[in-house]
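No hydrogens, no waters, no symmetry mates; every other heavy atom, side chains included, goes into these values. Residue numbers start at 1 and run along the sequence shown. Order of listing sets the numbers, starting from 1, for every ligand and every atom in it.
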Amino acid sequence: MLKGKKFKGGAPVPHYKHTSDKETVKMDVPDRVVIPMLQHIGAPCLPAVKKGDSVKVGQVVGTSEKFVSAPIHSSVSGIVKNVSPMLYPGGFFVPTVEIEADGEQSVHESVKPPQFKGKAEFLEALKGSGLVGLGGAGFPSHIKLSPPPGKNIDILIINGAECEPFITSDYREVMENSWNIISGINIIMELLEIDKVLIGIEDNKPGALKELENVAATSDKINVVSLKSLYPQGAEKMLIYALTGRKVPPGKLPLDIGVIVMNVNSISFIAEFVKTGMPLIKKRVTVDGSAVRNPSNAEVLIGTTLGEVFEFCGGFSRPVRKVLMGGPMMGISQYSMETSVVKHTNALLAFDEKDAVLAEEGACIRCGRCVAACPMNLLPLDLSRIVENECFEELTRYNVNDCIECGCCSYSCPSKRYLVQSIRLGKEKVRAMKS
Ligand code: SF4
Ligand code: SF4
């Protein structure tokens with residue numbers, strides 16, 4: 001088996017993959033879903049339905065004319081109860097379609113296997129599926145798969161590196177649907193005329209490596225590569241370097257160096273969509289953390305509230321102090337159980353007091369461990385000092401926008417400095433200054 005290169009920096013975070021051997025369990029249809037009109041990077045959608053409308057499974061409930069966007073579909077059949085701003089997992093309010101489910105799960109007439117001839121028609125169909133990057137980024141897939149003229153893509157990378165602690169959603173996709181992954185790869189290889197595919201998986205997942213090696217043996221164009229199990233191996237730039245030795249220059253995209261990266265769940269969805277025509281209406285979500293009674297991988301309809309998902313996993317065994325959407329390194333804290341699962345939700349974690357407590361910050365001892373840990377060659381201690389001193393204009397000179405917010409700096413700091421938190425704030429300030 002091929003072995004990947006080691007990227008610079010990183011952090012040896014614990015794995016805590018308690019749910020890796022747990023088969024996905026399908027959650028029942030909830031009584032209601034709340035579907036925010038923002039489920040991707042790019043322009044939010046406008047609601048395409050109004051209060052009182054009947055909707056069916058797979059029906060479009062949100063669209064946008066903007067280039068970078070993706071339509072949003074109903075995950076249930078029922079009646080639209082409300083269209084109003086509601087709390088989004090990101091902590092702000094966005095227009096949201098609330099649907100009371102009728103339990104019938106009647107499928108909308110538009111849902112049928114797509115008919116397409118060639119790349120352009122396929123991408124149009126894929127746009128209609130609402131697919132966005134399912135690894136957590138949420139970038140619309142039909143755009144990722146449309147490199148502009150002059151950009152020659154010679155490698156398709158499939159990201160099976162799931163490096164955040166606790167999360168096993170991608171791993172379960174490999175173990176349960178490996179043939180879908182290969183068929184999705186074949187579809188994209190043929191349409192985009194790509195002759196080389198590299199599937200990257202870390203060496204702490206021998207089951208997934210073996211499973212994919214078996215199915216990839218059907219093609220001499222597809223290779224499975226074993227990667228060092230080190231956080232953030234699954235981050236796009238680290239993965240590309242580990243698999244190809246190519247580096248994405250600052251401010252550039254993978255397609256600028258001839259690469260497209262897709263998550264295992266996204267590529268698998270493509271195969272399923274081509275077979276059934278069902279748009280993106282459900283997600284596998286790893287539910288774990290010290291306060292969760294039955295850690296599981298749950299297949300959840302998009303729009304299901306966090307409270308219902310935790311309830312499905314046995315509720316809480318002890319008082320909850322912190323809830324995260326995503327992993328402990330990059331996840332976003334939630335402060336309401338009324339927010340809902342969106343397209344890029346891959347984990348919900350709930351922690352008790354002991355695990356939620358944030359250590360007190362000490363003084364910087366200038367040990368340089370944060371610099372050594374930064375996979376983006378940044379100077380986290382300087383960036384955070386600049387933010388503390390509110391000299392935000394200086395941040396660009398220190399390449400603050402290259403920060404991928406992986407948290408390796410904070411994790412490695414012996415003084416427990418809140419480095420990534422202040423760098424995030426600095427990035428926000430720079431964004432605000434530009435707008
Ligand atoms: S790791 Fe922490 S203590 Fe060491 S230089 Fe960086 S900020 Fe300072
Ligand atoms: S500065 Fe940004 S990219 Fe570098 S380690 Fe910290 S969070 Fe990660």
Side-chain angles (χ1 to χ4, degrees), residues 5-14 41 90 133 135-137 139 159 161-167 202 227-242 246-254 261 324-333 347 357-432 434:
K5 296 181 196 314
K6 154 86 176 73
F7 60 89
K8 185 246 164 203
V13 299
I41 289 177
F139 190 75
N159 190 353
E162 200 169 37
C163 52
E164 275 254 15
F166 293 98
I167 309 178
E202 302 118 305
L227 302 170
K228 191 171 165 56
S229 170
L230 180 70
Y231 180 83
Q233 182 64 87
E236 210 164 62
K237 291 183 178 179
M238 279 77 251
L239 183 70
I240 292 171
Y241 177 74
R246 297 182 192 178
K247 291 184 180 171
V248 183
K252 297 284 180 190
L253 296 169
V261 182
L324 289 177
M325 184 175 283
M329 298 299 285
M330 293 186 74
I332 298 179
S333 289
V357 96
L358 200 57
E360 237 177 73
E361 270 190 303
C364 174
I365 55 169
R366 301 194 71 78
C367 64
R369 284 189 212 171
C370 56
V371 179
C374 179
M376 295 303 295
N377 282 317
L378 299 174
L379 300 171
L381 74 165
D382 287 340
L383 285 167
S384 120
R385 180 182 45 77
I386 293 167
V387 174
E388 275 169 18
N389 294 337
E390 301 190 1
C391 303
F392 303 117
E393 309 73 31
E394 265 192 69
L395 286 171
T396 316
R397 200 156 54 83
Y398 281 76
N399 300 322
V400 72
N401 285 328
D402 283 356
C403 172
I404 57 170
E405 301 180 18
C406 64
C408 288
C409 48
S410 303
Y411 182 85
S412 308
C413 176
S415 297
K416 307 292 172 213
R417 308 275 309 153
Y418 302 164
L419 298 167
V420 66
Q421 293 89 333
S422 67
I423 296 169
R424 253 187 213 153
L425 177 69
K427 284 175 77 177
E428 276 304 318
K429 293 283 183 192
V430 169
R431 232 189 314 268
K434 280 188 182 157

Any heavy-atom pair between the side chains of [Y] and [X] that's under 4.5 Å?
X    : Y    : result
Y418 : S384 : no
N399 : M376 : no
V248 : L253 : no

Exercise for the section: Indicate if the distance from atom 8 (Fe) of ligand 1 to the nearest N, O or S atom of C364 falls below 2.8 Å. Expected result: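 It does: C364 brings an N, O or S atom closer than 2.8 Å to atom 8 (Fe) of ligand 1.
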Exercise for the section: Among K247, E236, R246, K6, find the residue that satisfies the side chain to side chain contact (heavy atoms under 4.5 Å, CB included) test when tested with Y241. Expected result: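 So the option named by the test is K247.
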Practice task
Report the part of R366 (side chain from C-beta onward, or backbone N, CA, C, O) that has a heavy atom under 4.0 Å from ligand 1; answer both or neither where that applies.
Solution key: backbone
Completion exercise
At under 4.0 Å between heavy atoms, what of I365 touches ligand 1? The answer is both
Fill in the blank from the handout: Of all protein heavy atoms, the one nearest atom 4 (Fe) of ligand 1 is C367 SG, 2.3 Å
Exercise for the section: Report the nearest protein non-hydrogen atom to atom 2 (Fe) of ligand 1: residue, atom name, distance rounded to 0.1 Å. Expected result: C413 SG, 2.4 Å
Handout entry: Neighbour count >12 (heavy atoms, 6.0 Å) for atom NZ, K427
Key = yes
Practice task
Can you establish whether the number of heavy atoms outside R417 located under 6.0 Å from its atom CZ is more than 12?
Solution key: yes
Problem - Polar protein atoms (N, O or S) that approach atom 6 (Fe) of ligand 2 to under 2.8 Å - result: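 Protein N/O/S atoms under 2.8 Å of atom 6 (Fe) of ligand 2: C409 SG.
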Handout entry: Test item, S412 contacting ligand 1 (heavy atom, 4.0 angstrom)
Key =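 Flag not set, S412 not near ligand 1.
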Practice task
Could you tell me whether the side chain of E202 and the main chain of E162 form a donor-acceptor pair under 3.5 Å?
Solution key: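 Flag set: sc E202 to bb E162 pair under 3.5 Å.
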Completion exercise
Numbered in order shown, the ligand 1 atoms found under 4.0 Å of a heavy atom of R417 are 2 (Fe), 7 (S)
Problem - Distance, nearest 0.5 Å, that separates CD of E164 from CE of M330 - result: 7.0 Å
Handout entry: Residue list, side chain to side chain donor-acceptor pair (under 3.5 Å) with E428, at least two apart or on another chain
Key = R431
